[in-house]
Amino acid sequence: MPDRFAGRLTALEMFGNYAYTGIWLLIGVGFVLVTFWFASLIRPQRPNPTKLENYECGEMPLSASYLQFNVKYYIFALIFVIFDVEVVFLFPWAVVYNSLGLFALIEMLVFLLILIFGLAYAWKKGALQWV
Amino acid sequence: MDLIDIGITVGKVVIIFGALMGMVAYMTLFERRVIAFIQGRIGPNRVGFQGLLQPIADAVKLLFKEDVTPAGANKFLFAIAPMLSFIPTLLTIAVIPVAESSTIFGREVDWIISDINIGILFVLAVTAMEVYGIIIGGWASNSKYPLLGALRASAQMISYEVSLGLALVGLLMVTGTFSMTEIVAQQSSFLQWNIFKQPLGFLLFIIGAFAEVNRIPFDLPEAEAELVGGYNTEFSSMKFAMYFMGEYAAMISISAIMVTLYFGGWQGPILPSPIWFLLKVGAFLFTFVWVRGTLPRFRYDQLMRFGWLVLLPLALFNIFITGVIMVL
């Protein structure tokens with residue numbers, strides 16, 4: 001065997017560590033479920049129609065609850081997707097940056113400038129203005 | 001893997017989980033007492049010595065409260081939303097090294113639940129999931145205030161997540177690794193702390209952290225004056241408590257992450273390593289409360305403008321300047 005894999009984690013070690021994350025997750029879920037179950041044993045349960053109404057400052061609820069909301073939320077979500085993908089591309093670059101040097105910096109600057117141009121365009125179009 | 005290993009793992013998990021839950025409980029008391037001190041009041045001091053039993057009294061009260069599910073709510077989503085906000089926060093704790101590795105029964109024990117080599121990516125992925133608990137809870141309530149609170153929360157969290165991620169890119173360029181244990185090992189002395197290599201990056205990270213955990217000045221999702229309680233208006237009993245535990249656990253975990261990434265983790269002279277870790281985390285928790293006692297709340301348009309037009313360009317500038325300095 002060539003020592004291509006020397007110094008790397010073996011599959012068992014890696015999944016072993018994720019297994020601990022899994023155990024931790026199970027403990028968290030278990031804790032939450034046990035708390036809810038225990039509370040359901042000891043708390044009172046006396047519902048009535050008034051109690052089950054939605055809270056609207058004591059008034060009778062008016063109209064449907066799923067109201068229309070500002071379309072800006074969608075626009076921000078779209079811009080977020082673009083920049084989050086950018087961050088994902090930046091991570092591998094950042095980790096090995098030390099051994100890449102000037103060329104990598106210029107490459108990334110070109111990439112970032114395109115996105116900064118996009119941000120400036122969105123700003124100019126008023127997509128980043130809330131009101 | 002034999003009996004001793006299993007025993008050590010179980011002990012480790014129990015100690016870290018217990019410490020976290022204890023901190024969550026006493027953080028509520030700590031916050032109330034410190035806020036009271038800042039505002040010139042006394043705060044809760046009646047239950048036990050100096051109010052030390054107050055968290056237990058609160059927990060018992062919440063356990064005995066009736067659990068009301070509004071008539072039009074989606075029952076399944078309404079029930080799981082509080083868990084979804086609490087569990088991801090808990091998961092982030094798993095990749096944080098809390099103390100120096102020690103020898104127990106002849107075994108080397110690393111005081112970290114799972115030492116995965118992509119710790120930072122794991123933290124980012126899991127903290128991003130916290131928003132689901134909030135938006136599902138707000139939507140499933142079938143009520144107006146929670147829906148508006150949930151929408152605000154999701155827009156705010158995704159806006160600040162971008163600058164949070166970009167702030168970490170600067171840190172990754174300096175450290176060259178995703179592993180939390182290695183990052184702590186690199187910061188062995190005071191002057192090697194990453195805060196001195198990434199001052200602007202840390203500033204961006206801490207602002208993003210405040211926005212991610214919905215604390216003042218970024219607590220728009222639960223702005224009492226306009227949205228009653230925000231996304232948790234319709235929640236009562238243990239479900240409400242679970243949201244609150246999630247928020248406090250998020251504060252503790254993000255403080256622990258900042259300590260690990262920028263302030264040398266558990267490293268420190270003389271005192272044992274867990275004490276150093278707790279002291280540093282405690283300093284950040286105090287900062288959270290201190291800021292709450294000092295600053296007013298942002299207006300929503302200010303919040304979005306600040307996130308996209310100030311933090312995002314600054315984060316990109318931070319990457320640029322870090323890259324230039326490292327090449328020179």
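The structure displayed is predicted, hence computed values, not measured ones. Chain A is the first sequence line, chain B the second, and so forth, proteins listed ahead of strands; every chain is numbered from 1.
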A.B. asks: Under 4.5 Å from any heavy atom of chain B, what part of A/L102 do you find: side chain, backbone, both or neither?
C.D. replies: both
A.B. asks: Quick check: closest heavy atoms across B/S114 and A/T21, and the distance to 0.1 Å?
C.D. replies: OG-OG1, 2.8 Å
A.B. asks: Looking at A/I27, A/I23, A/V81, which makes the most heavy-atom pairs under 4.5 Å with chain B?
C.D. replies: A/I27
A.B. asks: Heavy-atom count around B/Y300 OH within 6.0 Å, excluding the residue itself: above 12?
C.D. replies: yes
A.B. asks: In terms of heavy-atom proximity below 4.5 Å to chain B, should A/V96 be classed as side chain, backbone, both, or neither?
C.D. replies: neither
A.B. asks: Between chain B and each of A/L100, A/L119, A/D84, A/I116, count heavy-atom pairs under 4.5 Å; write down the option with the most.
C.D. replies: A/L119
A.B. asks: Return the set of residues passing side chain to side chain contact (heavy atoms under 4.5 Å, CB included) with B/L84 (not counting sequence neighbours), or none when no residue passes.
C.D. replies: B/I80, B/I136
A.B. asks: Can you give the donor-acceptor pairs under 3.5 Å from side chains of residues 37-47 of chain A to other protein atoms, not counting sequence neighbours?
C.D. replies:
residue	atom	partner	partner atom	Å
A/S40	OG	A/W37	O	2.6

A.B. asks: For A/L33, is it the side chain, the backbone, both or neither that has a heavy atom under 4.5 Å from a heavy atom of chain B?
C.D. replies: side chain
A.B. asks: Closest approach of A/Y97 and B/V324, non-hydrogen atoms and distance?
C.D. replies: OH-N, 4.5 Å
A.B. asks: Could you tell me which non-hydrogen atom of B/V162 sits nearest to which non-hydrogen atom of A/F80, and how far apart they are?
C.D. replies: CG2-CD1, 3.5 Å
A.B. asks: How many angstroms lie between NZ in B/K239 and OG1 in A/T35, if you round to the nearest 0.5 Å?
C.D. replies: 13.5 Å
A.B. asks: At a heavy-atom distance under 4.5 Å, which candidate from A/I79, A/V88, A/N70 has the highest pair count against chain B?
C.D. replies: A/I79
A.B. asks: Would you sort out whether B/V169 and A/E86 count as a side chain to side chain contact (heavy atoms under 4.5 Å, CB included), showing the intermediate values?
C.D. replies: CA-CA 11 Å; B/V169 169; A/E86 174 193 359; over 6 Å; no
A.B. asks: B/T177 versus chain A, heavy atoms under 4.5 Å apart: side chain, backbone, both or neither?
C.D. replies: backbone
A.B. asks: Which pair of heavy atoms, one from A/F76 and one from B/I158, lies closest together, and at what distance?
C.D. replies: O-CD1, 4.3 Å
A.B. asks: Answer with side chain, backbone, both or neither: which region of B/E234 has an atom nearer than 4.5 Å to a non-hydrogen atom of chain A?
C.D. replies: side chain
A.B. asks: Is it the side chain or the backbone of B/L171 that comes within 4.5 Å of chain A heavy atoms, both, or neither?
C.D. replies: neither
A.B. asks: Output the option from B/V68, B/L316, B/D67, B/I87 having the highest count of non-hydrogen pairs under 4.5 Å with chain A.
C.D. replies: B/D67
A.B. asks: Specify whether A/F91 and B/F178 have parallel, tilted or perpendicular ring planes, treating 30° as the upper limit for parallel and 60° as the lower limit for perpendicular.
C.D. replies: perpendicular
A.B. asks: Given heavy-atom pairs under 4.5 angstrom as the criterion, report whether the side chain, backbone, both or neither of B/M242 touches chain A.
C.D. replies: side chain
A.B. asks: Quick check against the 3.5 Å criterion: does A/Y73 have a side-chain atom that pairs as donor or acceptor with the backbone of B/A155?
C.D. replies: no
A.B. asks: With a 4.5 Å cut-off on side-chain heavy atoms, are A/W93 and B/M173 touching?
C.D. replies: yes
A.B. asks: At a 4.5 Å cut-off on heavy atoms, which part of A/L115 comes close to chain B: side chain, backbone, both, or neither?
C.D. replies: neither
A.B. asks: Identify which part of B/L63 has an atom lying under 4.5 Å from any heavy atom of chain A, answering side chain, backbone, both or neither.
C.D. replies: both
A.B. asks: Taking it one step at a time, do A/F31 and B/M245 satisfy side chain to side chain contact (heavy atoms under 4.5 Å, CB included)?
C.D. replies: CA-CA 12 Å; A/F31 170 78; B/M245 280 158 69; 3.6 Å; yes
A.B. asks: With side chain to side chain contact (heavy atoms under 4.5 Å, CB included) as the test, would you mind laying out the steps for A/Y20 and B/I116 before giving the verdict?
C.D. replies: CA-CA 10 Å; A/Y20 290 129; B/I116 53 179; over 6 Å; no
A.B. asks: Going from CG on A/L25 to CG on B/L90, what distance comes out if it is rounded to the nearest 0.5 angstrom?
C.D. replies: 8.5 Å
